[in-house]
Each structure stands twice: as C-alpha cells, then as structure tokens.
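Notes to accompany the following structure.
The sequence lines fix the lettering, A, B, ..., with proteins before strands; numbering per chain opens at 1.
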Amino acid sequence: MGKSADYTKYDDELYQVALLKNNEIAPGVYVLSLPRLHDFKAGQVVKIGLPEGEPPRMYSICSGEKEDELKILFNVKGGGWLTPRLAKLQPGDSILVSEPMGDFTGDDKPAWWVASGTGIAPFYSMFKSGLGSNKTVVHGGRYLQNFYFEDEFMPELKDQYVRCCSQEKGGDVYHGRLTHFLEDQDNLPKDQKFYLCGSPEMVVETRDLLIRKGIPYGNIVAEIYF
Amino acid sequence: MEKERLFGKTLDELKAVAAQVGLPKFAAKQMADWLYKKDIRSIDEMTNLSVKGREALKEFYEFGLTEPTKVQASIDGTKKYLFPTDHAKFIETAMIPENDRKTVCVSSQVGCKMGCLFCMTGKQGFQGQLTAGEIVNQIRSIEENGEVSNIVYMGMGEPFDNLDNVLKSVEILTSDWGYAMSPKRITVSTIGIIPAMKKFLETSTAHLAVSLHSPFDEERKQLMPIQTAYPIQKVLDEIKSWEFGRQRRVSFEYIMFGGLNDTPAHAKELARILNGIKCRINLIRFHPIPDTPLKSSDEETLQSFKDLLNSKGILTTIRASRGQDIYAACGLLSTKALVKKEEEPDY
C-alpha cells in the first residue's frame, strides 16, 4: 500500500501520484504502475487522468488485490487525447487516479471470463487475486501479440485458457474470432456466469450468441469500454 | 481540401471564423442569423456580407446542411428520417406529431457503446460521434423545419457520451443568436453517466430524463452494463443535490418488461429510491427486438403499475407507442444494415 507521502489530493475525486513504471508490453499497449493508495476488489475500475488535462477516463485495475502496485493496462487510441500522453509518461511523472469504484467483480464460483483486447484487465486482476482456478478464460485478439498475460494464464489454467486470434495463426491458438469459438461449443454451462469485458461490439454480439445458445441472460454480466 | 461546415458553429466559433477570413466582428452575428434564423442553404445567399467576405468564407467553409436520404411515414403520422453523416455513416431521426405538438427525437451518436440488452441501437455497436451541426441538422433539414415544438435527445446513442457536441447543439437551439427555443422544450436523456450529467446540469437548464428500467442493482446490471460503473443509487444521489421543479424537470424512463421489472415490489422500490426527488415517471411499452429474451408487460399490468406509483405520489404516465410500424418507436432506431466495416474487430 502506498504511503501518504506518495500522493496528494488533487480535487474532490482524484489523487496526484508519481508514476512508478510505464512498460510497453506489445506495440501500442502499455502497463502503468502506480502506488496503490486504496484497497479494491478485483474487477473494479479507477479513473485515470493528467493534471490540467481533459476529464479523466475509467480503466479497469490490472493487478491483484494484494499487490503493492496498482496497474493499468491500456492501448494508445489514435486521435485520443489521453492515451498518447499516458504512453509518453516516465517514472516520476505526475498522474491522477481516483479511488476504486464499480462492481464488475467476480467470486470463487466456476465461471467463464470472456474478453477482447485490453478487456482482459479485470480478469487478470481477478486471476492475480486468486479467483482463477475454476474459470474458463476466452481471450480474443487480432494478433498473437495481443495475449498479453498468456505466460501466466497458461501454466495455471491449461486447457481452460483459450486464445482466439482472428488475423494470425499460431501454435495451439484458436484461429478465428472468439464469437466463432463460442458458437462452436456444444455444452456451454447454463448454470455458470459469463463475464464479458471489451468493446461494445464484442459484448453485444457475444451476449446475443450466449442467449441464443440457452444461457439465461441473468447469468451474463457485462462491462463495456466507453 | 475538405471544407469545414459553418452550420453547427456557436457564436464564439463564428467570431473566430470571421477573424480568420478577415470579416468584421459583427459578421459573426450576421452569419448566425443566416445559419439559424433564415431559410437559406448557401454562403452565397448571405447577402449582407460583402462579396469579398463571402468568397473568403467559401475558401475554407461550406454552409453545411445535409438532406435526409430517406423518409418513412407511419400510419400514426410519425416519420423516420435517414441522414448520412461524415464518412458514409447513417443515423435516424424520428418526428412525432401529437395534437399541436411536433416532437423531434434526435440522435447524438452513430450507434451506441452502452450495450443495453433491450435496445436495437446498441446492437450495431458504436461507429462515431455526431457533431453539433449534425445534431441540429436533424431539426433543420426535415420537412417540419420551423414547426418543431419539442426536441428530445432520445434517438441513437448516449447523449452524455458525446457531451461537448450535445451541449453545443443545445446552446445553438436555445441562444438568442440561434434558434432561441426555450430550454423547457428540450429534454436530454441519459443512462446515468454521472460526471457528464453533472456538467450538463451545471451548464444547461434543459430537462433531464434518466433511463432507469429497474430499481434493483443486480437486475439493472443485467439490462444495462453501465450499472457496473455508475450504479443507479449514485446517479440518484447526484440528482438529489440539484433542484428540479417547474423550471427544469427530471423524469425517469421505465421500460416495462413482462415478468421481470413489472411487479408491485418493483413499483414500491421505485417509489422508495425516488423519494425526495420531484419527478415524473414515464412507463414505456417494450418493443421486442431480435435475439432478445425480454417481452413486453401486458396492458393490465402496465395500468396497475402506473396506478400504484401514482398512489405513492409519483406522477406516472404511460407513453404512447408511436411509429412502431416503421421501426421508429423507442429503442428501435438502428442503421446496423448500413454499417460498413472499416476495421477487423478486436475479437
């Protein structure tokens, strides 16, 4: 947990902290590390912004509940204001962060975690918080480099970790969209929850598909990027 | 060079345009008159600007109106307009006549990011933000231009996910230099994006409508993913810190889903969470969409739900379904069939 000396109150909802690390983990995809100021539940979001900048935006926390650092996964959006600037931050630079919020949170029951792109962040946080053992993780991406945390998911989840790559073929990666993979599954469990996180298009298409395959909509929980 | 559109610019922006092209400062007000008060369609018709000034304007700008490419008419008089936007995208606008009123339901985005389970627009995903000009054009370029009495931002998209352009469009509609409409004739709807809602309430005096649809957190989360980020209770806490009444109204939209959110327990919980807010509830019949597991409440349930809320002191009405035969009714607007894939999706 960060010490009070690590941060100052910026306004009613934001704290100003010094960035610890900024790692580019794939082309245009970064992980920011900040001092952790508050306890949070895996799956929650924080608002991230820059001093004197445009209004902050929400990002899922991408680190475990017990880790010392709070991490944020993001990709640079062309034409965006915030992400190109975040990508250029250096350790020690000031960044604004809110208290954790939101309740896209999981539990220890068996469930499916379905993500596209950086939508894997809340599930990685849940995984790093010890909630991964009975989960099936389906992660969709355009390219093989988009499976950011495969080295950690694979050894633990084995066959329960499915990478769906729409634009490249590789090894035991499913070649195609995650919606095609789910469409091909005959026995999706109707009594488990399906958590969806990613682009609105993925969330809406996957939700419709799951409902068509008999999953009660009450078992589908979605978080969208906006 | 692609020319910028003058239509959709605020007076301040027009002042900057005047300065850029060497027109006197007062020309900004003249341009606003031509753009928003007179029925012209080209810079050449702005006859109180000098010829030289008009030529200078035309070098960088165009007037900026867009005609609808399709109009459909319902048997109940409702019309649905299809407008192209920049980059070959499309939006829909509904015009709903009722007695001596003509209400236009405008879109604020191409598609929507919010992914509500019951909404046809959400099924097409998000293709882009509308500019203020594209929003106001939906009033200016319809056959009923000049007869519009009310405007509701309840078409495609979440207005508070495009707040700057929505606020600009409201400024154009309500300013003396613009359409000079009363803000009381404008209602902006939201699913409850709190920071944007706060800014809207600080900036504008137009009415606010909030899509509620369930008073219970878990149930609302299944219907509306936004609930995970902005729970309805926090939305209501924010609303309670503002004054609503005759000058500015807040209403809550509530789609009635059969066997889901239409029980007496829902009505009682609604009354409880809305306690302390001077508001009105609009009950809306659900219009089924493809692949939805939801169904509409029957008329008897709708009526008794309304009566129960009224008996608890909350003014509640049932909104008439309009334009259902042309897919112009609430939750049915969509241009999904016209969406051109620009990029392979990330899943």
Side-chain angles (χ1 to χ4, degrees), chain A residues 13 43-45 47 54-58 75 101-105 114-119 122 138-143 146 164-167 176-181 195-212 215-226, chain B residues 109 111-129 157-158 160-164 191 193-196 198-199 216-231 233-234 257 260 289-294 334 336 339 341-347:
Chain A
E13 63 169 359
Q44 285 194 297
V45 298
K47 288 185 183 178
E54 290 202 352
R57 299 195 72 86
M58 280 188 190
N75 57 1
M101 56 202 282
D103 71 347
F104 183 73
T105 51
V114 182
S116 62
T118 54
V138 182
H139 188 192
R142 288 192 190 99
Y143 307 108
N146 294 138
C164 302
C165 188
S166 61
Q167 301 291 292
R177 291 193 201 166
L178 70 83
T179 42
H180 295 161
F181 171 80
Y195 293 84
L196 317 179
C197 183
S199 61
E201 291 79 6
M202 184 283 280
V203 166
V204 168
E205 194 178 333
T206 304
R207 188 176 59 197
D208 283 355
L209 180 162
L210 293 174
I211 290 169
R212 275 201 308 277
I215 308 298
Y217 72 86
N219 281 351
I220 304 170
V221 187
E223 177 147 278
I224 40 162
Y225 297 160
F226 68 93
Chain B
Q109 297 180 309
C112 185
K113 297 178 199 164
M114 300 300 137
C116 297
L117 182 62
F118 46 83
C119 177
M120 194 63 190
T121 305
K123 284 184 183 290
Q124 79 178 66
F126 174 74
Q127 286 81 46
Q129 304 286 21
E158 161 57 38
F160 287 176
D161 188 38
N162 186 17
L163 182 68
D164 290 345
I191 62 170
I193 298 177
I194 297 170
K198 205 172 161 183
K199 190 172 170 193
F216 297 115
D217 287 354
E218 283 307 307
E219 195 172 80
R220 192 168 188 267
K221 205 196 285 188
Q222 292 159 14
L223 296 168
M224 306 169 75
I226 192 70
Q227 173 74 17
T228 63
Y230 293 118
Q233 194 53 57
K234 290 202 170 156
F257 301 111
L260 177 70
I289 57 173
D291 286 327
T292 181
L294 304 167
S334 172
K336 187 176 182 181
V339 173
K341 214 193 296 172
E342 290 175 348
E343 185 184 34
E344 185 64 24
D346 69 347
Y347 57 93

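Contacts of A/Val221 with chain B are made by side-chain atoms alone, with heavy-atom separations under 4.5 Å and no backbone atom involved. Residue contact with chain B, scored on non-hydrogen atoms closer than 4.5 Å, involves the backbone and the side chain of A/Met202 alike. Proximity to chain A is absent for every atom of B/Met224, based on heavy atoms less than 4.5 angstrom apart. Using a 4.5 Å cut-off between heavy atoms, A/Leu178 contacts chain B through both its backbone and its side chain. Looking at A/Gln167, the atoms closer than 4.5 Å to chain B (heavy atoms on both sides) all sit in the side chain, from C-beta outward. No part of A/Gln44 comes within reach of chain B, as not one of its non-hydrogen atoms sits under 4.5 angstrom from that chain. Interface remark: B/Leu117 contributes backbone and side-chain atoms alike to the contact with chain A (heavy atom separation under 4.5 Å). Both the backbone and the side chain of A/Arg142 come within contact range of chain B, judged by heavy atoms closer than 4.5 Å. Neither the backbone nor the side chain of B/Glu219 comes within contact range of chain A; no heavy atoms are under 4.5 Å apart.
Shortest non-hydrogen contact noted between B/Asp291 and A/Ile211 is O-CG2, 4.2 Å. Taking every heavy atom of both residues into account, A/Tyr217 and B/Leu260 meet most closely at OH-CD1, 3.0 Å. Here the shortest heavy-atom pairing between A/Ser166 and B/Pro345 reads OG-O, 4.1 Å. Nearest heavy-atom pair, A/Pro200 versus B/Lys113, reported as atom, atom and distance to 0.1 Å: CB-O, 3.4 Å. In terms of heavy atoms, B/Pro225 sits closest to A/Ala222 at CB-O, 3.5 Å. Nearest heavy-atom pair across A/Val204 and B/Lys123 is CG1-CA, 3.5 Å.
No donor-acceptor pair closer than 3.5 Å links the side chain of B/Gln222 to the backbone N or O of A/Asn219.
Interatomic distance, CE of A/Met101 versus CD1 of B/Ile194, reported as 7.0 Å (0.5 Å rounding).
Residue with the most contacts toward chain A among B/Ile226, B/Asp217, B/Asp161, B/Thr228: B/Thr228 (heavy-atom pairs, distance under 4.5 Å). With chain B as partner, the option from A/Ser116, A/Gly102, A/Gly140 having the largest number of non-hydrogen pairs under 4.5 angstrom is A/Ser116. Counting heavy-atom pairs closer than 4.5 Å to chain A, the top-ranked of the candidates B/Gly111, B/Ala229, B/Pro293 is B/Pro293.
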Walk me through whether B/Lys221 and A/Phe104 qualify under side-chain contact (heavy atoms from CB on, under 4.5 Å).
CA-CA 9 Å; B/Lys221 205 196 285 188; A/Phe104 183 73; over 6 Å; no
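When the shell of 6.0 Å around NZ of B/Lys198 is examined, it contains 12 or fewer heavy atoms from other residues, nucleotides or ligands.
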